[in-house]
Each structure stands twice: as C-alpha cells, then as structure tokens.
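Letters A, B, ... are given to chains in the order of the sequence lines, protein chains preceding strands, and every chain is numbered from 1. Keep in mind that the numbers below use all heavy atoms, side chains included, and drop hydrogens, waters and symmetry copies. What you see is a predicted model, and the numbers here were worked out from it, not measured in a lab.
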Amino acid sequence: MNDKLKAYFRTDHLPHIWCPGCGNGIVTAAIVRAIDDLGWSKDDTVFVSGIGCSSRAPGYLDFNTLHTTHGRALVFATGVKVARPDLNVIVITGDGDASAIGGNHLIHAARRNIDITTICFNNNIYGMTGGQYSPLSPTDSFASTAPYGNADRTFDLCRLVEAAGASYVARGTTYHVTPLTNMIRRGLEKKGFSFVEAMTACPVYFGRRNKLPTGVDLLNWQRDNAVPVSRAAKMEPEELAGKIVIGTFLDVEMPEYTETYERLLKEHAADRSGE
Amino acid sequence: MNDKLKAYFRTDHLPHIWCPGCGNGIVTAAIVRAIDDLGWSKDDTVFVSGIGCSSRAPGYLDFNTLHTTHGRALVFATGVKVARPDLNVIVITGDGDASAIGGNHLIHAARRNIDITTICFNNNIYGMTGGQYSPLSPTDSFASTAPYGNADRTFDLCRLVEAAGASYVARGTTYHVTPLTNMIRRGLEKKGFSFVEAMTACPVYFGRRNKLPTGVDLLNWQRDNAVPVSRAAKMEPEELAGKIVIGTFLDVEMPEYTETYERLLKEHAADRSGE
Amino acid sequence: MSSKELSAETPVRIDRSLCKACGICIAFCPKQVLEADEGAIAVVAHPEECIRCRMCELRCPDFAVTVRGDRGG
Amino acid sequence: MSSKELSAETPVRIDRSLCKACGICIAFCPKQVLEADEGAIAVVAHPEECIRCRMCELRCPDFAVTVRGDRGG
Amino acid sequence: MQTQLRLAGTGGQGQILAGIILADAAVTYDVKYATQSQSYGPESRGGASRADVVISDEPVDYPKVIEADLLLCMSQEAYDKYAKDTTEDGIILVDSTLVPSYCNEDPRVVACPITGVARDELGRIIVANVVALGLIVELTDIVSTEAVRKAVAARVPPGTQEANLRAFERGRSLINECLTPGKTSGE
Amino acid sequence: MQTQLRLAGTGGQGQILAGIILADAAVTYDVKYATQSQSYGPESRGGASRADVVISDEPVDYPKVIEADLLLCMSQEAYDKYAKDTTEDGIILVDSTLVPSYCNEDPRVVACPITGVARDELGRIIVANVVALGLIVELTDIVSTEAVRKAVAARVPPGTQEANLRAFERGRSLINECLTPGKTSGE
Amino acid sequence: MGETTRRLMQGNEAIVEAALVAGCRFFAGYPITPSTEIAELLAARLPQAGGRFIQMEDEIASMGAAIGASLTGTKSMTATSGPGFSLKQENLGFASLTEVPVVVVNVQRMGPSTGMPTAPSQGDIMQARWGTHGDHPVVAMAPASVGETYEATIKAFNISEALRVPVVILLDEVIGHMREGVEIPRAEDIQLLERKGPSTGPADHLPYADDGTGVPEMAPFGTGYRYHVTGLFHDETGFPDMSNATADTLMRRIMGKMERHRDVYEWTETTDTEDAEVLLVTYGSPAQAARSAIRRARREGMKVGEFRVVTVWPFPEERLRQLAGGVREIIVPEMNLGQLRLEVERVVAGRARVSGINRTDGDIFKPDEIYAGIREVYGGER
Amino acid sequence: MGETTRRLMQGNEAIVEAALVAGCRFFAGYPITPSTEIAELLAARLPQAGGRFIQMEDEIASMGAAIGASLTGTKSMTATSGPGFSLKQENLGFASLTEVPVVVVNVQRMGPSTGMPTAPSQGDIMQARWGTHGDHPVVAMAPASVGETYEATIKAFNISEALRVPVVILLDEVIGHMREGVEIPRAEDIQLLERKGPSTGPADHLPYADDGTGVPEMAPFGTGYRYHVTGLFHDETGFPDMSNATADTLMRRIMGKMERHRDVYEWTETTDTEDAEVLLVTYGSPAQAARSAIRRARREGMKVGEFRVVTVWPFPEERLRQLAGGVREIIVPEMNLGQLRLEVERVVAGRARVSGINRTDGDIFKPDEIYAGIREVYGGER
Ligand SMILES: Cc1ncc(C[n+]2csc(CCOP(=O)(O)OP(=O)(O)O)c2C)c(N)n1
Ligand SMILES: Cc1ncc(C[n+]2csc(CCOP(=O)(O)OP(=O)(O)O)c2C)c(N)n1
Ligand code: SF4
Ligand code: SF4
Ligand code: SF4
Ligand code: SF4
Ligand code: SF4
Ligand code: SF4
Ligand SMILES: [Mg+2]
Ligand SMILES: [Mg+2]
C-alpha cells in the first residue's frame, strides 16, 4: 500500500469486506487522495455514513468516524457540523442510502446549503442486502426484486440535488479516477453543500444480473458510456439514453447555513441580550 | 353556497375549521371546480391527505377520503393507486407536510411518475402547530421558531419536483384563482405525476408575524409579487428575489408507473407462467 | 341555507351562516358591490353594480358567496 | 507488508495480502506490465515496460498496488 | 383555602395572558401556590378560549376549575357554557359589551361593559383583559393589588406597560359602575 | 435416527443448493423430516459458505449441525474449521482439487478430486456440487438415489437438468476412484 | 391442488406461499436482512396471482402503501426486520386506530440498532406490543417452525380481516432462513375469513358503528361508499370528534373487540401438562429445542410440560393462569434478555416461581442448554 | 442567580430553563403539539447561552442531529410528542447501543395515531421502554408537577451523561402546558454530572472498554481521539464484531451498567406507607390528584399510602417489592388503560391485589375520582 495513503487508513482492519472487483475501494482511495492534497488534519475531520456496503468505508479510515442508521448519515452529520462548525464533515453514502430511505435528508441538507461534502457511491443497486433495485437502477434493468425488469424510473440525482439548492454538484466514475479525485477535492474545498456522485461497480449483484459480471466489465461499461457534461449539452435526450453524463454540473458561491445562522444572531444581538 | 359546488361537499361539516381569511377554502373550491369541469365521479375519486390545516380539506369533500399521518399522504395514495389503477387519486398536502417530513415521498412519487395529482397548499408556514417556519418559509422571515429570522434557504418546490421526474408542474395563487383552477384541471387530466403548488394565505401565523395580518393583505401580496413564468424567464435572479413565479413549468408525456408495470409483466408473461 | 340577503333577482348571495367576515370578497370586487356589516359579515350593498365577474365567489374561502348566472347555482 | 514481488528497482509493487484478484490493474494497464498468476493475483510481469502512469494504483480497489515515483510511497 | 377562577371568551381577547398574570401575581409576588391552565381546541387556535387559575395556600392538586369561585365571561358562549359550573356564592363577572343575554336575577352576576370601556374610554380594545383583572382584584381578594401591578408590568408586551397599568386601575374603579342583579343590562 | 450433514466451502460453489437438494429429496420424495440451514456472514455474501442439513425420521429439534455425520469440504478453510466437529465414525469428504492439505491418516477422510472432475471431465466447474451429491448418496444411505435424482431435476436452473443429472451419476461412480486414508492426495 | 402436498420451504417462503393462498394481493416493502426473501419472492409470485408488488422508498412508505391498498379491499402485507419495524410504528398505529386490516412480518434479527443483521433474536417481542404511541390493539404471532409459519400466515390474514386489526408475524432469522418440509393443506381444507362488508346501502352506512360485535363493517374505497378515514379520534361516522365521551367510546370499543374475540386469535399448544411440576412457556424457534429437551427430561422421569404460545399478543392470560396453579416452577426460554417472561411473571402472579433461560448473543439454543436449565430448576439446585 | 427565586412557568418552559442550567447547548426538533413550546423557547434561548438550535425536516432527523451533536461533546436534547416519538425510535436505539448521551422529551398526547393532539395522556409509558427493536437500556422519568419537571430535567442530563444512556422525559399535555410556581435552586445548589473523559492519550484509548464501572470513557469528536462509532455490534475498540461472544459481552455490559448504577437514576417518593393497608403507585400528573385523594382518605381514617415513581424505567422493583409485602391492595391510577400497572402486577407477584384507575378519554383525573377508587377497594366493596 502506498505510504501516503497508508497514513490515512486503519490498516489493521484491511483487507476490507468488499468483494473482488467492487469499485468501493477505488472511490475510498480517491477521497483520501483528495484530503491529502488539501492537507486536512485527521483530527479535525469527521466521516459519517449510513448503512450499506459503501457506508462501511469510514471504518477503514483513520479519522473521527461515525457509522449511523440506514439513510440518516446526513442528519447526524448536520448535528456534528452545527455543534462544531470548525470541523470538516464528510458523508459517505450509497445510492440506496442517499436516494431511497435518505432522500429527504439529502435534499434538505442541500437546501440549507450546510457545509458538508457528500460522496454518493452509486453502484445502481442495493449491494449490502443482496441486489434489490434502487432508485438509481436503470428502468428495465434486472434485480432480485425486479424479476420482470424494473418499472421504476431513475433519479438524475445530480439534477435533484442541484434543484434542491446545493453549491457544488458533480458526477465521476471509478474508471475516470483522476477527474473523480479532483471533483471530490473541489467538493471538499467548497463552502456549502457539495455533492459528488461516484459511479462505482457492484459486479456481484448489479453486474451479474445485467451481463457485466466483473469489475473489469463494469469499468469498461463506464468508459464506453461516459459522456462529458459539455458534450452532453449538445446531444438529444434519445442519444443520451443509457449514457453516464460526467463532469461538474454546478459550482457556485452561496450563503452557507451555519454562517447565515451566525449572521442572523449578530444582526439580532439586541433581541437576545435579555435574560 | 353554489349548488354545483354543494354537490361535492359534506355540507353538514361546514363551516370548516379554517380561520377567517385563510386561503385554504379558496384552493379547495378550485379543486372541486376542476373536478366538476372534468365530470369525474365522486365514487371513483379518492382524496388522500397528511396532517396540517390544509390536510383537513378532504374531510369536507364528499368523496372517498383518507386523512393519514403527517407527511405520508403520498405513500397511502400510492397503495391505493397501485391496487386500483382505475381510481382517480388526488393528494392534498401542506408545504410542511409535502416538503419537510414528506419530502422523500414527494420526490419518489414524482420519480415513479405514478398517476397521482398532488396539490400543495403553500402558506409558507406550519399552520396547524402554530407558526413554525417551514422549508418554504422565506429566508430571514420570522416564525415562532425563527425569532431571529429564518436561517434556512427555501425550496423551489416546483423545480425540485420537476427534477425528480414529474410530468406536470405548475404554481398558482389564491389571488389568481381562475388560472389556478385551470392548472389543477390540467394536473388531474395528466396521466402521470402532476404537482400544483397553490400559494395560499395563513394570515394568523405567517401573515401576522410578517406584516401581512389579514387574508386581504396576503392576496394583495400575491397579486403584487406574482410574475408569470414567461416573464420570469427574462428576468435576472436579483430581480426575481421575493417574487412568486406562477404558471406552468412542465407539461410532458412520459411513461406512467402502473402502466410500465403492466407492460413489463406482459413482456415477461412467459417468465411468470410457471408457479 | 338559512338566510338569503336580498330578493330573488339579486345576482349575488351571501350565506351568513358560512361567512367568516374576512373581507376578501369586499376588497377585491371590481365594482364595490359588497360591503361589511357591523359584524364585518359581507352584505350585498349595491347589487345593481354587479357585473357577474364571479371573483367574489371564486375567492371566498368559506364558500359563502354565490353569483347567479350562466355557470353557477 | 509481507511480500515484495520484485527487486528494489521495480516501479510497481503488488501487496499479495491485499490483492483480491479482480484483474482491474491488469486489464487497464496501458503497457501490459501486469499479469495474473495461477490464483489470478496480479504480478508485475514486465516492469521494464512501465511508464509510471499510476493507473493501476489509482484503480486498484484493494489498495494493493504502489507505483513508485515522484508522488507515491 | 383554595380559589378557582375561570376566564373565558374567544381566542385573541387575552384571557390566557390575564390568567398568567393572576397566577404570576400569586406565585411570584404574593408567595402563594397557583396553577394556570388553558383549554385548547383540537387545532390549538381560534374559537373558544378559556384560562383556569387555581390559587391556594397549599400545593394545588387539580389544575382545572371544577366549580369556579369567579367566572369571567367575555362571550355569550362562555356564559352559556360555564355559568352553571360556578359555586353557589361565587361571582359571575359578565362583560356586558359582549354578552347580550344573561340572567340578571342571578345574585352571583356582576355585569360590566368591560370591552366597551376598553374600546371607548381607553381606546384599545386589546386591554379589556386587564380591565377585567382590575375588576377581579376588587371583587375577590385572593391576590394583592400590588402583586398584580407587578405581574402586569412584567408580562405585557414591552412598550404597553403604561397603557395596561392604566387599564388595570380603570378596571378597579369600574367596580362602582357595575350592574348587580336586578338592574338591567348595560348595553 | 438422525443424520447431520454439513456442506462447506466458498460462496458460489453451490453448497447451499446441494443442501437444499438433499433436504428436498428427503422431505418431498422420501417422506422423511429434514431441515436445511446456512450460515451468513455479517454481509450475507462473499467469503465462506456453509449449508447444514439434518435428516431424521422424526421432527428435527435443532437445525444446525453440532457434530457432522458427513462433512463435505470444498475449501481448505472449511476443512480446517469443521473437521474437528465430525463424529468419530463420520465421513469427511474432501474435494482434493481444492483442499491441498488434509490428514490422510484420518480414517474418516475420503478424498476425491470433485472439482477437477467437474472441470476436466464434465467441462463445467459449476456442477461440482452435484458431483459431490452423487458421492454423498453413495457414502451414506440417508436418501434414496431416486429421490435425489428427482430433487436435482426440480431444483437446478432450467436447461441444466441434463448436465446436472450426468454430474450426479458421475459422482456416484466416482466413489470407486476415491482415495481413502493411507493413500496420498489426488492432486 | 386438491391433494395434500409436501414441500421443502424456507420460513420466508412459507410466508409468501401462505399469503398467496390467504388471498394477499398487494405487498409493499423495502429490503432488509433477514426478511428480504419475502419481498424477492413476492416480486415474482404476486403478479402470477394477479396481485401487485411495489418496492417503496423506505419502510414508512411500505407500511403506508399497504394500508392504502387495503382500503381498496385488497388483502395487503408488508415485511421487514428490526430497524424497519421501528420505522413502521407510526403507521402501524394508524392502521390500529383506523382499523384497516394489514399483515406485517418482522423477521427478527439481533438488535438493538443495526446490531447483527444475520443473527437470530427474539428481541422485538415487546416492541410488537408497545412500539407505537398510545394504547392500541394489535395481534402478534410467533410460530415455531416453517410449517407452523405457513399456518400462522393464513391465520394472520384471517384475524386481520375478521377483526380489522393489524397482525404482526414475528419470525426470527432461524425460521426465516431455514428450510423444512411443509405439509400444504388441500385448498378445501383451508378456511379463509373475509372482512365484513356493509349491510346497508351507501346512504345509511356508518363506517365506524358498532353492530354489536365491536368490529365495524368495512366498504372498499371506490365502490360507492364514500366515507372518511382519519387517524384523529372519530365518532361512528368516521369524522373527527375530540370530545372525551367519543374518545372513551372509541378506545373501549377497539380494545374491547380484542378482549371479546379471543377465540378468533388465541392459539396455544399444551403438551404433557396434566402431571407437570415444571412448565416451559415457549414461543418461536426455541420451542423446537425445548421440545427435545422436554422429551429427554421426561425420559429421565422429570415431570415437565410445555405451554406453547403461538399468538403471543394479546397474551393468553387465562390459560396460563390455570396452568400456573398446578406447577411449581415455570421456565421461559427466549433469545432475548427475558421479554415474554415479564408477561408470564405478571400473569402467574406468584402462583409458581418463574425463571428464564436467555441468550443474547445472536445464536440459537441447543436442546442441551434448555435441558440443563430444566435440570437445574427441577432438581431444585438453586 | 445566587438567590433562590420563584417563577411561574409552564412545564414545557421548565424543561427549557432547566436544560440550559444543566448545560444543554444543542437542540434539534420538529414541531408537534403539545411539545412545540420547547422548540420555540429554545430557538430564542439557546443562542443567548451560546448554544445552537436547529429545526430539522422531521423527527428522525432531529433525533439523529442530537446524537451527532452529542458526539462532539455538546449536551443535546430533542423534544416531541407521540407520533414523533414513534419516528424517533430507530435512532433512539442507535443512541442506546452506541451509548451516546441524549435527552428526549415526549410530551404525551392522546393516542394512538394522530389521536387527540391537545388532550393529555400517559399512553406512551410502555413505548418509552420498548419502542425500539431489540433489548436496550433506556431511562424514562415522569415528573408529577412543573417544579419537579425542572428538577427532573437537570437530573435527566446528569443520568444521561454519567451513564451514557438516552433519557426520556415523559411529560403529558397537562404538565406541559400548565403553569405553576417553580422554586429555582441557587446555582451552587445544583449538582451537575458530566460524561467521563478519556483517562489515556489517544493511542491507548479504547472507546468501548469497561473500566470496571460498565460505562466507557467518552472522548469528543475533533479532539484528537479518532475512533469509530457504529450501530453494529462492536468490541471494546468500537469496531464491528459479529461473534457471539462479543455480542454477549456487549449486551450484558450495557444492560448491566443500568442494573449497577440504580443509585444514579432511581427516584421514588414514599408517603404514609408505614401503616398503609392500601398503597397507591403513582407517576406523572395524576399524582397530584392522587395526593389530594389520599389526604382525604387519611382524614377519614383509611390507611392509605403513596409510592410515587419519578424514574419509571428502569422500574424500582426492589423498593416496590418491599412495600408490597406490607399492604393488602395496590392501586395504580393512570391516564391510559393500565400500562405501568402491568409492571406493578409483575413485581408485586401476588403479594397484594393490584388494580387500576384508568382514564382513556383525554381528560385528567379529578381528586374525587381517585378518592372513589380508594374507597371502593378500601371498603372491600369489590
Ligand atoms: C431502516 C433500514 N432499512 C433497511 C436496511 C437494510 N439495508 C441495509 S443496506 C441497504 C441498502 C444498501 O444499498 P446502498 O445504499 O445502495 O449501498 P450499497 O450496499 O449498494 O453500497 C438496505 C436496504 C437497514 N439496515 N435499515
Ligand atoms: C409525525 C408528526 N410530526 C409532527 C406533527 C405535528 N404537525 C401537525 S401539522 C404540522 C405542520 C403543518 O404544516 P403544513 O404541512 O404546512 O400545513 P398547514 O397547517 O400549514 O396547512 C406538524 C408539524 C404530526 N402531527 N406528526
Ligand atoms: S455486494 Fe457489490 S457493492 Fe457490496 S462489496 Fe460486493 S461488489 Fe461491492
Ligand atoms: S392557522 Fe393559518 S393555515 Fe391554519 S386555518 Fe388558520 S389561517 Fe389557515
Ligand atoms: S369572502 Fe366569504 S367569508 Fe370573506 S367576507 Fe366575503 S363572504 Fe364572508
Ligand atoms: S360578481 Fe364580481 S362584480 Fe359582482 S359582486 Fe362579485 S366580484 Fe363584485
Ligand atoms: S487491481 Fe488490485 S486487487 Fe485487482 S488484481 Fe490488481 S492488485 Fe489485485
Ligand atoms: S504505472 Fe501504468 S504502466 Fe506502470 S504498471 Fe501501472 S498502469 Fe501499467
Ligand atoms: Mg448501492
Ligand atoms: Mg403550511
């Protein structure tokens, strides 16, 4: 293991529980590289996750780490951040964790524009529970609970989070790992709510049922179907069907929640002088 | 009471519980007029609501009516619709009910594009519980839980629902009641998920704390701040601050959930012939 | 319905048992047909001015107003 | 780290205790430096071809690859 | 000794604040025991409003009024609903401005145009509740005038202290103009 | 009479399906009682895999194997972990293709290149589990050959029946080529 | 059909097959170990039976959707495990108060919190009774084998429909995942109970009136009976009424209907109790190991009997009270720290000593362990 | 400060003022009648004390945020009523297993479901003990007056911090909304307990090790102690471990710490029990009416005593058992259909007869009603 990386890992807990070819390790390493680039202190950084294969990542990282309940990572993270605005708070979540049971907390954290970076490991499936479809599984794809194909339509999660009010929104893949690392770094730097959707690979459950049975197959699939956001802008919706649009969708400066709260308290300092 | 209207009301339960000048009655009557226009049968139409002042509306309507738990109207409605796709299903909800505790169900119903029409009575406040800020309360506005002004940013709920995947999205006001009625009718007609945000008036809690203490004040405020969507498209964000953009944001045809489900079952009929 | 305010020809009817005295119909009637009584309940003060635009009926939050005409009851 | 595959000069190192034999590093090495052993564990077969592009390291899901050079360990 | 007071009317008239002031006067300034509670409609707003105050020399066991020693009625509904739950030698203080119909044969009834005085003399209908307090203090002696004065000053919205204290004094003096049973209603 | 069987190896080898087939044969076709259970890792996937089958003439009280009458080992880990929990006169069936190191002094051990045969002779490594079933039927007689045949046909994926039945028969015949203690490992 | 058949089935599969036989035509769920197979199997099986399956965004949504579907007259079910069961509680209370039939399966895993997702437990017994706020009626069943799970599932639908009450089926990971032979009864031997439809036309229908049975008539949505359903307290018309008298009437009716119809749901099994000095009170999967332990104890001359509770809530108080009078000691083996034992202690009220044999480590009982427990109290070495 | 002062306060206000005194510096909530005043007052008051208030999107979020904040070393609270309390259960279990101190207020209203939002009830007593899945430690307190609410709130923070356990304060609508005089203790008379910090440097810190007290040391996030917190079962390092032995150790420690530190939380009040023939077991607001009824009964020569339970969970078994031996009859007045009575019956185990006086209509007890209940059993007219 790379020594630089090693400094951020709880190496005594490796190898991790993820299956051979699972993309989760690729994203986890990308996060660590981004943090290393920024020189953040491990003591001042908190990782919070929900439940799922991906949500196991913080356990391997030598930071303050909090593995919560399914879908709720962002609410715990909000408590941490509001109580200690000086800490860096990063949420690791899966596509199901973030967008199914946790969808409400995601849009509300984005709406508040609270300074938390959320990295969603999107493997298009519920991995931990054995391959049921998630809100990010493609329509018509197969899953253990979609034996006749998935009737649900798919969230464009980046678009949703943007509409909800985030400051930074991007999508990368485990194939395009350097751009992914850069997106994560930009997300971490951003004051406000940032969201990076990392397309990752679950060969065991998503892949096998959908004719992409290995990690290599899934990385090839990512490579072959990725379309940069600039190019996608010029394409018709039909051309874009089945493609993965990657790149930065939004990168703006907006008032951050904990700062607005402080500002309002200052403005109304007189009102609260009493008692 | 207008005789046509009367046919759709449980008149023995009137007068309703809403405060003088509350806009909820205006929206409720608009819904009834839209239904009357369409000639829908009361027996084949189901109203489902959550909890809040606005969610009391179904109790006054002579249909199949279901007053559920806070934020959850859409999930009950989904059960009704999937079990009986032939019934018309309408959800009445408040801004808190729909966008705070119920935000997840809202985006998921939109994502599935299930054929339910949701009418959100947006009074910018939690009315039933006495005036706490809601996710649709303007930033900096005052509420019983925002004594120093509201630090939260506001959802553009129409934009959110559009991003989530709805087929029809519009915003009207209780001042502009005829266009509102037309939007509701269009929403009801639409096959797929439709969402109408009806700006209504809570003089007692939102109004009083924000210098608009009567229903008349709030209707004037709606009139003076409404900007049609076509005009808004030409305006700068700064100009739009504090304005209410009204009109139809989205009106498209997309595969509806219960129909997609049936289609997939047909396509895979062979797979399910066996036990 | 307990009370009709005016004679059969009146185009606008206010149901006093439903009216909650919010003043909306009065404020937004384009022809100032309506006025408030001492309890702030709406009354049809100038029926002859009414142009049957129905805005009072459509905006009354308490279903208390009926405008007679082509469409209504 | 239990085992170094090749001598000190080798630019690429595979940690066999971490490798889960997924084949990703092998499939995507632009220079075919890496190969699978009989257990499908990656081995550095052609170190001399390596251009130190680090793609193997960046894409290894098990943190099992280290490429030495300016940036790495 | 335990005194039960019920202040009843319509939401927005300030019965609850008046109740709080009475209880506060007793507890904070007079060193008695008191409880104040209120009824809520299902929606905790609008409609009828009621504050119950129990003042006692020992801890209060039951915070609601079972039989009122003093009942203030600021709406017809309040009178119709609660007059029967008043003790035999209790006082029913009727705001004759708002309660058109009451039994003026009932020896317990004291009728005063409370809201009328607030509106016409004091120019603020909103202080009717404090006018009523002045009357209550005169009609009973469960709390001291001084204690109520302090509690009024402490509990009314900032900036309105003076107007409220004036209303309180006016209420005290109003006692002399009140109709006691046998006479006819004030307005 | 109660027989405890444990089929152990790595996820994906089909131990669980083999266990189900055995239990199904007993329950559905032989009219005995049986339970089949499996172990889950914390994540219910990957890693070691184990199926326990208990077959009995009367209802089964405890569905897990306490001491195996027959243990199938399709990985070294399985052998290392479970061999000790086999009855004194039990059978330890070792897939010698996958288990390099076992005690060939142990009289209970029967070693066969199960996976090797599936791969090399039958051309499908995936049928190794059914090859093992053939051996198990020959080594014990808790279920009838016919019952297992029917259960195999009913439980394997559609289209693979024939290949699996062939694997079953090959397993049965393989018994003659097995190494019994004292000889050396197969490969 | 027509013939008794015997099939090897998982507990979770037994739920599915029995639900279909019972007439279940709607399922809404959200995956969670170890209950997921129920959703997976129903996703395939329900459409074959003309029913509908939907995977919702979470457990709250699943519970709500099942209630919504039930209001259209469709027998409905949802399934989950601990964390999801906690989330369903609010809407479970809604079903309880609005009297909408629905079956909720909880395949228990080791808790609290995420706990040990693949380990068995009986840790949610009390939660099944008390998990939602306020007094409320609920039925909970804890079958002891896969075969009994099949039976219990049919019965759960019957109880739910007949009494308009939510019924919880408490499996545990062992039964959920274990396969056993199940005797499938012939179709004509299966008795199904249906909810009681309206006896009058729409104009006269009172959706929450007590017709003397405590269970109101129920008209499906969309059939001309337009009425109101609310989670607020309501009178017999179904409309909200906040008066104390109405509240009292409503609460006493919905609790009273349960007291009154014990025959519909009470299900216990009694073995060897005539001469018993020691009584085991069992439920769920430990009952299998207990049975073996009891047989051994009997063989060794100990007078041990078994009182097995299948419907754990409402608890069969009267039956246990009768048995308790005749024994010296009662033992309750549970895969928790002693939950149903609390109820046993209460009901026994000193008539016999009560003790527990408890596991809280995610493993199941071996017959020996229960045997050892019996020996200990039987010999009086304590 | 410095001097005892007396203030008229609502129960909800007492919670707020006492929480601030106890050191609460974070509150996350979601409005719900009849608890909303707690959020409203804290929105104004917390910033004045340097704390932070946040209104979250729902109750699940509020519970999670409070736990998150507590992990930074900030004393945290949330407040709700029935429906919201049901929603908080999953995360409450998380706090229980991960041993994160947090105070949860439930101002009870009439349930089940939406029920009667402005009517008082004690319907959530059992839910406070059993609402989340799995065995778990939790403390619940039910003060009987506004003044006691103030005391109980300070104590709740103390217990929560000292034992690393979630503490639930169960008010009811009456106390929540009623105003009474509260004696505010002088600052120097208030004893605050704080969570135990780490005794070693970060390298040696074992976040879930038992130092002999059963309560592990707790380092705040962001202070150099980097450790892992998970709702999975875990060993003393805090990392997941699914072995049966670890599960057993963990469960027995977290339940055992509660058994061991009864002195920290047990709070009961005993009046007139020496010669009592009839004992009232009371808690919460009905205790006030009960006290009056008892006084009257005593005046009339009936030997009635009172055992008042402030900390209802863990239940003060031993103390009640002792008292039960000496009396003939026990009466439990409750604003529910008899919840704590179940526990009383269990503990009393036949030593005395147990009966209840119950209301389930959303109204509170009049002293007369309880007096009538006493008379009835005292005279033996039953
Ligand atoms: C309340 C609750 N519901 C359900 C589960 C079961 N569960 C665990 S992880 C998971 C989904 C995981 O999917 P995702 O978030 O996409 O993560 P992945 O495993 O794919 O990385 C589910 C449904 C749970 N633990 N808690
Ligand atoms: C689970 C739950 N949480 C909170 C509440 C309390 N509650 C009732 S209505 C409401 C908000 C109402 O606001 P909105 O949806 O905007 O409706 P409005 O009353 O403004 O029409 C809240 C918080 C509840 N009933 N249930
Ligand atoms: S199940 Fe899928 S997501 Fe989970 S570890 Fe395996 S490959 Fe990765
Ligand atoms: S509180 Fe507001 S929203 Fe509710 S009825 Fe009154 S005015 Fe309408
Ligand atoms: S709008 Fe309706 S309620 Fe308002 S004043 Fe006019 S008639 Fe009365
Ligand atoms: S119909 Fe138009 S003109 Fe006539 S009263 Fe109504 S608002 Fe006025
Ligand atoms: S990518 Fe890593 S785990 Fe995969 S084969 Fe290469 S070294 Fe091994
Ligand atoms: S650094 Fe590049 S060239 Fe060298 S082995 Fe890795 S992928 Fe191949
Ligand atoms: Mg996933
Ligand atoms: Mg609102």
Side-chain angles (χ1 to χ4, degrees), chain A residues 10 12-13 17 41-49 51 55-56 58-89 101 104-105 107-109 111-112 114 257-258 261-262 264-265 268-269 271-275, chain H residues 17 20 25-28 44-76 78 90-95 97-98 100 102 202 219-232 234 237-240:
Chain A
R10 291 165 171 154
D12 48 332
H13 289 273
I17 61 157
S41 140
K42 298 193 286 185
D43 288 341
D44 299 339
T45 302
V46 181
F47 276 93
V48 186
S49 65
I51 298 290
S55 289
R56 287 296 194 93
Y60 303 111
L61 297 172
D62 186 21
F63 294 79
N64 305 277
T65 57
L66 175 57
H67 180 225
T68 68
T69 45
H70 188 39
R72 317 300 174 188
L74 271 163
V75 308
F76 288 81
T78 298
V80 171
K81 186 72 190 178
V82 171
R84 282 282 306 269
D86 59 310
L87 296 178
N88 306 310
V89 181
I101 193 166
N104 204 32
H105 311 304
I107 59 178
H108 282 276
R111 174 175 67 85
R112 288 191 192 98
I114 188 163
Y257 176 79
T258 60
Y261 188 85
E262 297 306 319
L264 286 171
L265 292 183
H268 296 273
D271 312 357
R272 57 193 185 95
S273 56
E275 265 219 281
Chain H
E17 294 303 325
L20 291 168
R25 290 298 175 269
F26 182 88
F27 179 91
R45 297 283 282 121
L46 263 175
Q48 294 169 352
R52 293 295 171 256
F53 166 90
I54 188 168
Q55 184 175 298
M56 295 296 288
E57 53 271 23
D58 63 18
E59 289 88 350
I60 296 173
S62 310
M63 187 72 218
I67 297 169
S70 181
L71 278 161
T72 69
T74 311
K75 291 188 187 176
S76 300
T78 183
E90 191 197 7
N91 281 343
L92 190 66
F94 180 87
L97 181 68
T98 56
V100 178
V102 62
F221 271 11
T223 60
Y225 290 80
R226 299 186 305 272
Y227 60 97
H228 190 56
V229 176
T230 178
L232 285 168
H234 43 266
T237 67
F239 287 96

Smallest separation among heavy atoms of A83(A) and T74(H), with atom names = CB-OG1, 3.8 Å
Which bit of Y257(A) comes within less than 4.5 Å of chain H, counting heavy atoms only: side chain, backbone, both or neither?
-> side chain
Say you draw a straight line from CZ of R72(A) to CE of M63(H); how long is it, rounded to the nearest 0.5 Å?
-> 13.0 Å
Considering only heavy atoms, which portion of V46(A) lies under 4.5 Å from any heavy atom of chain H: side chain, backbone, both, or neither?
-> side chain
Looking at residues at least two apart in the chain, or sitting in another chain, which of them share a salt bridge (charged side-chain N to carboxylate O under 4.0 Å, His left out) with E90(H)?
-> none
What pair of heavy atoms forms the shortest contact from Y261(A) to G51(H), and how long is it?
-> OH-O, 4.4 Å
Value for CG (D12(A)) from OG1 (T237(H)), rounded to nearest 0.5 Å, stands at 8.5 Å
Do the side chains of R52(H) and L265(A) get nearer than 4.5 Å, heavy atoms only?
-> yes
Working to the nearest 0.5 Å, report the span between CD1 of I54(H) and NZ of K81(A).
-> 12.5 Å
May I ask you to name which of T78(A), D62(A), V48(A) has the most heavy-atom pairs under 4.5 Å with chain H?
-> D62(A)
Verdict with reasoning, F239(H) to H13(A), per side chain to side chain contact (heavy atoms under 4.5 Å, CB included) | CA-CA 9 Å; F239(H) 287 96; H13(A) 289 273; 3.2 Å; yes
Classify the ring geometry between F76(A) and F94(H) as parallel (under 30°), tilted (30 to 60°) or perpendicular (over 60°).
-> perpendicular
Heavy-atom pair with the smallest gap, counting every atom of R226(H) and D43(A) = NH1-OD1, 2.7 Å
Here the pair of heavy atoms bringing H105(A) nearest to E57(H) is ND1-OE2, 2.9 Å
With a 4.5 angstrom heavy-atom cut-off, could you sort out which part of F53(H) is near chain A: side chain, backbone, both or neither?
-> both
For residues V75(A) and A61(H), report the shortest heavy-atom separation together with the two atoms involved.
-> CG1-CB, 3.4 Å
Just jot down the salt bridge (charged side-chain N to carboxylate O under 4.0 Å, His left out) partners of D44(A), sequence neighbours excluded, or say none.
-> none
Could you check T230(H), L71(H), V100(H) and say which one makes a side chain to side chain contact (heavy atoms under 4.5 Å, CB included) with L66(A)?
-> L71(H)
From Y227(H) atom OH to N64(A) atom CG, the distance as rounded to the nearest 0.5 Å | 7.5 Å
Counting only heavy atoms closer than 4.5 Å, note whether R10(A) contacts chain H via side chain, backbone, both or neither.
-> side chain
